[in-house]
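Reading through the structure tokens given below for one structure.
In this chain, residues are counted from 1 in sequence order.
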Amino acid sequence: MIKAALIDMDGVLYDSMKYHTLAWRQMMEENGIHCSRDEFYLYEGMTGAATIDLIWQREFGHPCDPEKRTQLYDYKTRIFKKIGGNEPMPGADRMLRTLCERGIRCVLVTGSGQASLIDNIRKDYPGVFAEGMMVTAHDVTKGKPDPEPYLRGLEKAGVKPEEAIVIENAPLGVRAGVAAGIRTMAVCTGPIPKAKFEEENAWGIFPSMDEFADMLPLVIDLIDAESPFVVADSNTSNLVVDRLAEQIPALGALTRCVIPAGDDHKDIDSLMKVWRTLSENGATRRSTLFCIGGGMVTDLGGFAAATFKRGIPCVNVSTTLLGMVDAATGGKTGINLDGLKNEIGAFSQPKDTVIIPETLATLPKEELLSGYAEMLKTALIADPEMYDALLDIDRYLDNPRLLLPWIMRCIEIKTAVTTRDPKEKGERKILNFGHTAGHAIESLALLNGRPLPHGIAVAHGLLWEMVVSAISDSGRGTTLPSSRLYPYANMLKEHFPDAGVKCSDIDRLLELMRHDKKNASPDRINFTLLNEVGEPQWDVCPNEEDIRSAFEIYGDLTGRL
């Protein structure tokens with residue numbers, strides 16, 4: 001298990017190297033030494049004294065006089081303070097938050113000895129570095145690239161090399177971490193090319209601190225996993241797993257089971273393929289299955305993990321909006337049977353759920369809409385403010401990364417509900433809003449040979465069930481105001497594709513609803529309905545006449561029946 005993170009300061013926690021390099025060059029040129037600014041990125045991590053001695057040795061054939069060296073470094077420091085600033089590195093706070101939330105001790109390991117910089121750390125990142133958890137230039141006799149700073153960091157954290165990671169942005173710092181026997185992460189926050197970090201045998205190489213913060217949970221899970229395997233569909237394997245492996249080579253080296261893409265392949269044949277891959281490659285009960293993809297992969301992979309050798313850990317790595325806000329969280333797993341959605345499955349919580357935000361920008365519009373529908377569902381049952389915001393759909397489709405705060409809110413809501421009711425005995429049923437009708441629409445499309453994305457079906461199911469909520473009392477004592485129907489219906493009509501259902505399909509849709517696993521009996525169709533946005537009520541069984549009437553009104557509102 002990873003117990004400690006040993007973290008460099010300049011270029012990792014602060015976007016300060018651009019000022020350091022300017023200060024170094026100005027000081028050197030004023031002393032008659034011409035050098036490029038980029039040269040000093042290569043020396044990053046060394047102590048100031050060592051940097052001056054290196055250049056003096058190169059230029060004059062001998063180290064700098066100790067007294068002069070002190071004067072030069074003091075002058076360089078004054079230049080830095082005058083022209084520079086300690087701007088927190090974008091993404092550094094998220095990285096540190098992830099480490100702290102997982103109980104990983106943070107140790108600062110820097111070649112700097114400036115007291116003012118250490119004071120800034122305490123101000124900008126309060127509570128992250130406990131008392132005594134800093135290694136500075138004053139604590140070592142040899143700076144980076146010697147392993148001494150990181151060996152001292154291990155001592156302060158009280159951990160072994162295999163129980164720690166190093167986070168660096170300089171080749172010499174990476175060399176020091178590797179020499180200390182620690183898995184070392186390189187983050188490219190300066191102009192140094194990736195090849196330089198590859199030469200130093202970095203464990204992972206990330207293009208920015210923001211992207212490293214995104215990937216850090218996956219990094220920790222991979223390192224902590226014993227005998228890990230990967231399952232992905234044919235699209236995700238090529239478009240996502242291979243790309244992630246460029247940053248984390250260890251991921252690309254894992255045994256990978258690739259299943260055909262598409263929800264129609266969430267079946268027993270694909271399940272058998274995953275089981276056989278695990279069995280034939282020596283998986284044990286301690287192995288971890290990484291399910292990388294959308295809801296189809298996490299549903300099927302989670303069920304495979306829950307049943308292989310009576311259960312092995314799995315980590316869901318969600319790459320679609322739908323997976324992020326729904327399928328990857330909550331512990332529902334399963335496969336389809338004879339056209340019926342998730343007919344076979346189990347409740348089995350993943351060991352962890354990881355979100356890869358960068359994939360949002362690569363999703364086709366239909367995939368984004370599919371996940372957007374689940375976000376609307378979550379907002380309708382739990383958060384009126386989020387619902388009002390999400391109705392402005394154009395804003396988020398144009399820039400999906402703006403959805404991140406709402407994605408986290410959806411995960412927060414679902415996690416809270418499923419934690420209180422993991423086996424769907426009561427409150428968890430509110431998460432089924434829109435799904436009784438949505439699953440019927442989806443199943444009919446599949447039976448007709450025209451598969452419909454899950455979220456698109458749910459988007460239509462939400463309107464149908466909102467109408468049921470508005471016209472059917474069913475003993476609830478109140479009904480959803482009809483004024484709530486029109487903004488949603490207009491958004492659905494303008495942005496979502498047709499569900500492909502007709503008036504004549506109502507009998508088949510009702511028959512599919514009677515097969516819904518939420519029903520206590522085939523004679524009574526169980527719904528979650530709304531009294532108002534944010535006020536759901538579960539286990540409501542409206543009469544068939546109301547369901548039929550609501551379907552007709554749904555058709556009138558969308559103009560598509």
Stepwise salt bridge (Lys or Arg N to Asp or Glu O under 4.0 Å) test for Lys273 and Asp269: CA-CA 6 Å; Lys273 184 174 182 180; Asp269 292 333; over 6 Å; no

Do [X] and [Y] come within less than 4.5 Å of each other through their side chains, counting heavy atoms only?
| X | Y | answer |
| --- | --- | --- |
| Trp275 | Leu271 | yes |
| Val187 | Val12 | no |
| Glu532 | Pro384 | no |
| Trp203 | Ile165 | no |
| Asn316 | Thr329 | no |
| Met324 | Thr359 | yes |
| Thr362 | Leu239 | no |
| Met466 | Phe433 | yes |

Nearest heavy-atom neighbours spanning [X] and [Y]:
| X | Y | answer |
| --- | --- | --- |
| Pro422 | Phe347 | O-CD2, 3.3 Å |
| Cys106 | Cys100 | SG-SG, 4.4 Å |
| Ala304 | Val274 | CB-CG1, 3.6 Å |
| Ala379 | Leu390 | CB-CD1, 4.3 Å |
| Asp233 | Asn235 | OD1-N, 3.0 Å |
| Tyr488 | Ala459 | OH-O, 2.7 Å |

Tell me if the [atom1] atom of [X] is crowded by more than 12 foreign heavy atoms within 6.0 Å.
| X | atom1 | result |
| --- | --- | --- |
| Lys3 | NZ | no |
| Arg276 | CZ | no |
| Glu385 | CD | no |
| Arg286 | CZ | no |
| Asn399 | CG | yes |

Taking Glu246 first and then Arg243, would you say they form a salt bridge - that is, a charged N and a carboxylate O separated by under 4.0 Å?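 Salt bridge flag = no for Arg243 with Glu246.
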
Set out, in order, the CA-CA distance, both residues' side-chain angles and the distance that settles side-chain contact (heavy atoms from CB on, under 4.5 Å) for Leu254 and Leu222, then state yes or no. CA-CA 10 Å; Leu254 301 182; Leu222 282 169; 3.9 Å; yes

What do the steps show when you test Lys429 against Asp539 for salt bridge (Lys or Arg N to Asp or Glu O under 4.0 Å), and what is the final call? CA-CA 8 Å; Lys429 295 177 183 179; Asp539 286 339; 3.0 Å; yes

In Å, rounded to the nearest 0.5 Å, how long is the span from [atom1] of [X] to [atom2] of [Y]?
| X | Y | atom1 | atom2 | answer |
| --- | --- | --- | --- | --- |
| Ser469 | Leu480 | OG | CG | 5.5 Å |
| Asp214 | Leu404 | CG | CG | 7.5 Å |
| Tyr387 | Leu380 | OH | CG | 5.0 Å |
| Cys291 | Asp299 | SG | CG | 9.5 Å |
| Leu492 | Ile393 | CG | CD1 | 9.0 Å |
| Glu211 | Glu358 | CD | CD | 5.0 Å |

So, the side chain of [X] versus the backbone of [Y]: is there a donor-acceptor pair under 3.5 Å, distance only?
| X | Y | result |
| --- | --- | --- |
| Thr558 | Tyr554 | yes |
| Asp224 | Ile2 | yes |
| Asn281 | Thr277 | yes |
| Lys266 | Asn342 | no |
| Asn336 | Asp263 | yes |
| Tyr372 | Tyr396 | no |
| Asn490 | Pro487 | no |
| Thr298 | Gly295 | yes |
| Ser549 | Glu545 | yes |
| Ser227 | Ser287 | no |

Checking side-chain polar atoms at under 3.5 Å, does Asp516 have a donor or acceptor matched by the opposite partner on Asn526?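 Side-chain D/A pair, Asp516 to Asn526: absent.
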
Between Glu442 and His460, is there a side-chain donor-acceptor contact under 3.5 Å, judged purely by atom types and distance? no

Walk me through it: do Thr353 and Thr415 pass the test side-chain contact (heavy atoms from CB on, under 4.5 Å)? CA-CA 11 Å; Thr353 298; Thr415 299; over 6 Å; no

One pair to check against salt bridge (Lys or Arg N to Asp or Glu O under 4.0 Å): Arg548 and Glu544. What are the steps and the verdict? CA-CA 6 Å; Arg548 287 177 178 271; Glu544 185 175 307; 3.1 Å; yes

With respect to Ile413, which candidate in Val325, Thr378, Thr418 satisfies the side chain to side chain contact (heavy atoms under 4.5 Å, CB included) definition?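 Exactly one pass, corresponding to Thr378.
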
Applying the side chain to side chain contact (heavy atoms under 4.5 Å, CB included) criterion to Ser270, which one of Ile259, Ile335, Asp264, Val297 satisfies it? Ile259

Checking side-chain contact (heavy atoms from CB on, under 4.5 Å) for the pair Phe551/Val468: CA distance, chi angles, key distance, verdict? CA-CA 8 Å; Phe551 186 63; Val468 175; over 6 Å; no

For a side-chain hydrogen bond (donor to acceptor under 3.5 Å, both in side chains) with His435, tell me which candidate from Lys518, Lys377, Glu374, Glu465 qualifies. Glu374

Given the rule in the salt bridge (Lys or Arg N to Asp or Glu O under 4.0 Å) test, do Glu511 and Arg514 qualify, once you have shown the distances and angles that lead to the verdict? CA-CA 5 Å; Glu511 183 60 28; Arg514 293 188 188 100; 3.2 Å; yes

Given side-chain contact (heavy atoms from CB on, under 4.5 Å), test Phe303 with Ile344 step by step and report yes or no. CA-CA 9 Å; Phe303 186 48; Ile344 311 296; 3.9 Å; yes

In terms of relative ring orientation, are His439 and His454 parallel, tilted or perpendicular, with 30° and 60° separating the classes?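 Tilted, since the angle between the ring planes falls between 30° and 60°.
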
